[in-house]
Amino acid sequence: MSKGLPKRSENYSEWYNELVKKADLAENSAVRGCMVIKPYGFSIWEKMQRALDDMFKETGHTNAYFPLFIPKSFLSKEASHVEGFAKECAVVTHYRLKNDPDGKGVIVDPEAKLEEELIVRPTSETVIWNTYKTWVQSHRDLPILINQWANVVRWEMRTRIFLRTAEFLWQEGHTAHATRKEAEEETSQMLDIYAKFAEEWMAVPVIKGSKTANERFAGAEDTLCIEAMMQDGKALQAGTSHFLGQNFAKAFDVKFQDKSGNLEYVWGTSWGVSTRLMGALIMAHSDDLGLVLPPKLAPIQVVIVPIYKGEEQLEVISEKVKPILKNLKAKGISVKFDDDDQARPGWKFAEYELKGVPVRMAIGMRDLENNVVEIARRDTLTKESVSLDGVEEYISDLLEKIQCNIYDKAIDFRKNNTHEVNSWDEFLVKIEEGGFLLAHWDGTSETEEKIKDLTKATIRCIPFDSKEEEGVCVFSGKPSSRRVIFARSY
RNA sequence: CGGGGUGUAGCGUAGCCCGGUCAUCGCGUCUGCUUUGGGAGCAGAAGGUCGCAAGUUCGAAUCUUGCCACCCCGACCA
């Protein structure tokens, strides 16, 4: 482990790449655009999965699994859906290899060509709706509330670890309902869950809103999203929830008989968050010393570093630490006692800072004499001496404080980097400074496109909470009734 | 797919312009002793098809050509 991370202020993306590697979250793999998620990184993802999965279950969803491969013909059934994904699909054409006749390794057996080529799922709407068709006949079969945890593949031209990889892990919820209203409610309920997760677990404040037509999911009638701001001022879409209308029901002929005996098309939703959230988590809180993890998602919440000379002192300290470990664990706090003799305290301090462990306790003979322990916070980098009596309570309160503090910090950052702009000149200046711009927009795709071409900024969302307000489009001067959020994004 | 860059020990690098004891240095690893309150010190040791292939040459990490991989910037996207 070499020391030192690039500075965020000097090269943000290099800082990010190095941090991901040095904190042992993930690394690039032999396959271009794909990543190896390492144990430390994966355990954060597992914590995210657990929290989200619990929330899905609480709202009546169950998990299931649909296949990785999709018949090519399925993709072409929903016109806009094909258009959205066709350019980035991996295609399976053969099912067998054979030894190269020239003796060099293996080749694809030309004899073993598939009759119908298979697409590696970029998302599963098509297989799932093709299945729902057989599951739904009556209104009694509805709603269907299913989620799956899976990997998907989108053949991206440019990839970035966690933020955009060719293969990524995610969950995709796919629900079917009898009424438009119910499907719409589901769509917004799931968005609320994502927002709650982002804010309460990840400590990342998000803005809820809907996407413009340009940014909408291919195949959806409406796409809702949560948008977060990263420390470089760029926006990151952290989750999406789609109201599919009857688009997929019509494409796959999914009908049900309602109470009065009429045949109706089913209403659908789909919603997902991915390992991209790992990128959001990293970029929202971390600093030049390494990761800063919210306690609720930290694989190790507290690390105890003994400071000692010789076996005997370590013995004494270990004895004192034992009940603390036990009590913290009893409170559901994950704690590690690092008595590894191979590394010195200073090295450990730096290492756990790099890995974002929220609380560090250092305990040596000097502390024992005074019945105290030194407690250091990762988020503020402050240290203080705390009495050993009732230290477990103290830690448990501190973890909550840290969770709140990093959320507050992120919210302040967003506030300081969000600006209302009212003229095109102002827009051009502010967009270079980064952050979110609240501006009036005339509602047309043409204007949105032009602004994107000129500034690389897109409309991240039309926020739900934006107030009705008369104004004129920042670009075209046409009338507008509410502000939207413009930003450069990941 | 365009434009730029990089490829030398597990990791990070010097050397490349101007071919010849040049394979450099740091981290890490191993051994021993001393250390332990912010990335330890000393002594010793191991570790390399210089991305791959062909060519030029008496001689190639260095020059030429081709290929491969990765990174950055664009087009595309969660």
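Note that the coordinates shown come from a computational prediction; the quantities given were computed from them, not determined experimentally. Every heavy atom of this structure was used, including side-chain atoms; hydrogens, water molecules and symmetry mates were not. Convention: sequence-line order gives letters A, B, ...; per-chain numbering from 1.
Residue contacts shown for A:Glu353 include a base, since a base heavy atom lies under 4.0 Å away. A:Leu163 comes within 4.0 angstrom of a base, heavy atoms only. Among the atoms of the strands shown, none is found under 4.0 Å from any heavy atom of A:Thr223. Note on A:Phe217: nothing from the nucleic acid sits closer than 4.0 angstrom, heavy atoms only.
Of the candidate nucleotides B:G39, B:G38, B:A78, B:G38 has the atom nearest to the side chain of A:Lys383. When each of B:G37, B:G38, B:A78 is scored by its nearest atom to the side-chain atoms of A:Glu374, the top-ranked nucleotide is B:G37. Side-chain proximity of A:Arg154 to B:A78, B:G38, B:U36: nearest is B:A78. When distances run from any side-chain atom of A:Arg344 to the nucleotides B:A40, B:G37, B:G38, the shortest one goes to B:A40. Listed nucleotides: B:A78, B:G37, B:U36. Nearest to the side chain of A:Lys309: B:U36.
Here the separation of B:G48 from B:G10, taken at their P atoms, is 8 Å to the nearest Å. Across B:C72 and B:U64, the matching P atoms stand 27 Å from one another, rounded to whole Å. Separation of the P atoms belonging to B:A43 and B:G26 is 12 Å when rounded to the nearest angstrom. Comparing B:C11 with B:G47, their C1' atoms sit 13 Å apart, to the nearest whole Å. Across the P atoms, B:A46 and B:U56 are found 38 Å apart, a figure rounded to whole Å. For B:C71 and B:G51, the C1' atoms lie 15 Å apart once the distance is rounded to whole Å. Spacing between B:G12 and B:C67 at atom P, rounded to whole Å, works out to 26 Å. The separation of B:A9 from B:U24, taken at their P atoms, amounts to 12 Å, rounded to a whole angstrom.
One atom, CE of A:Met278, and another, C1' of B:A78, lie 16 Å apart when rounded to the nearest Å. Between A:Trp347 atom CH2 and B:G41 atom P there is a gap of 15 Å when expressed in whole angstrom units. A straight line from CD of A:Glu227 to P of B:A78 spans 11 Å, rounded to a whole angstrom. Distance, A:Asp341 CG to B:U36 P: 12 Å, rounded to whole Å. Rounded to an integer number of Å, the gap from CG of A:Leu354 to P of B:G38 is 18 Å. Put simply, CG on A:Asp338 is 18 Å from P on B:U36, counting in whole angstrom units. Protein atom NZ of A:Lys22 is 18 Å distant from nucleotide atom P of B:G10, rounded to whole Å. Protein atom CZ of A:Phe349 is 10 Å distant from nucleotide atom C1' of B:U36, rounded to whole Å.
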Please evaluate residues A:Lys22 and A:Glu351 with respect to the criterion salt bridge (Lys or Arg N to Asp or Glu O under 4.0 Å), reporting the C-alpha separation (whole Å), side-chain torsions for both, the decisive distance (0.1 Å), and the verdict. CA-CA 9 Å; A:Lys22 292 210 164 114; A:Glu351 180 68 8; over 6 Å; no
Polar-atom pairs under 3.5 Å, protein N or O versus N or O of nucleotides 4-6 of chain B: list them with distances, or write none.
none

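Residues A:Phe162 and A:Trp45 keep their aromatic ring centres 6.0 Å or farther apart. Between A:Phe427 and A:Phe486, the ring centre distance stays below 6.0 Å.
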Reading 5' to 3' and counting Watson-Crick or G-U wobble pairs with both distances under 3.5 Å, write the dot-bracket notation for RNA chain B, | for bases paired outside the strand. (((((((..(((.......[....))).((((((.....)))))).....(((((..]....))))))))))))....
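Take A:Glu88 and apply the side chain to side chain donor-acceptor pair (under 3.5 Å) test, not counting sequence neighbours, and it matches no residue. Residues that satisfy the side chain to side chain donor-acceptor pair (under 3.5 Å) test with A:Ser466, not counting sequence neighbours, are A:Arg482. With sequence neighbours left out, A:Lys77 forms a salt bridge (charged side-chain N to carboxylate O under 4.0 Å, His left out) with no residue at all. Listed by chain and residue number, A:Glu125 satisfy the side chain to side chain donor-acceptor pair (under 3.5 Å) test with A:Ser270 (two or more places apart in sequence, or in another chain).
Relative to the ring axis of A:Phe436, A:Arg414 does not place its NZ or CZ within 45° and under 6.0 Å from the centre.
Residue pairs that meet the salt bridge (Lys or Arg N to Asp or Glu O under 4.0 Å) test with at least one member in residues 224-239 of chain A, sequence neighbours left out, are A:Lys211-A:Glu227, A:Glu227-A:Arg460. Pairs engaging residues 205-228 of chain A under the ring pair (Phe, Tyr, Trp, His ring centres under 6.0 Å) rule: A:His81-A:Phe217, A:Phe85-A:Phe217, A:Phe217-A:His242 [sequence neighbours left out]. Screening residues 35-45 of chain A for salt bridge (Lys or Arg N to Asp or Glu O under 4.0 Å) gives A:Asp24-A:Lys38, A:Glu27-A:Lys38 as the qualifying pairs, with residues at least two apart or on separate chains. For residues 284-294 of chain A, the set of pairs meeting the side chain to side chain donor-acceptor pair (under 3.5 Å) definition, not counting sequence neighbours, comprises A:Arg8-A:Asp288, A:Asp287-A:Arg378. Within the structure, every pair that satisfies the side chain to side chain donor-acceptor pair (under 3.5 Å) test and touches residues 314-324 of chain A, not counting sequence neighbours, is listed here: A:Glu319-A:Lys322.
The residue among A:Ala362 and A:Phe168 whose nearest nucleotide of RNA chain B is located toward the 5' end is A:Ala362. With the nearest nucleotide of RNA chain B identified for both A:Ala350 and A:Tyr490, A:Ala350 has the one nearer the 5' end.
Within the 3.5 Å criterion, the main-chain N or O of A:Arg276 finds no donor-acceptor partner in the side chain of A:Tyr490.
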B/S/- along nucleotides 71-76 of chain B (protein heavy atoms under 4.0 Å) is SSSBB-
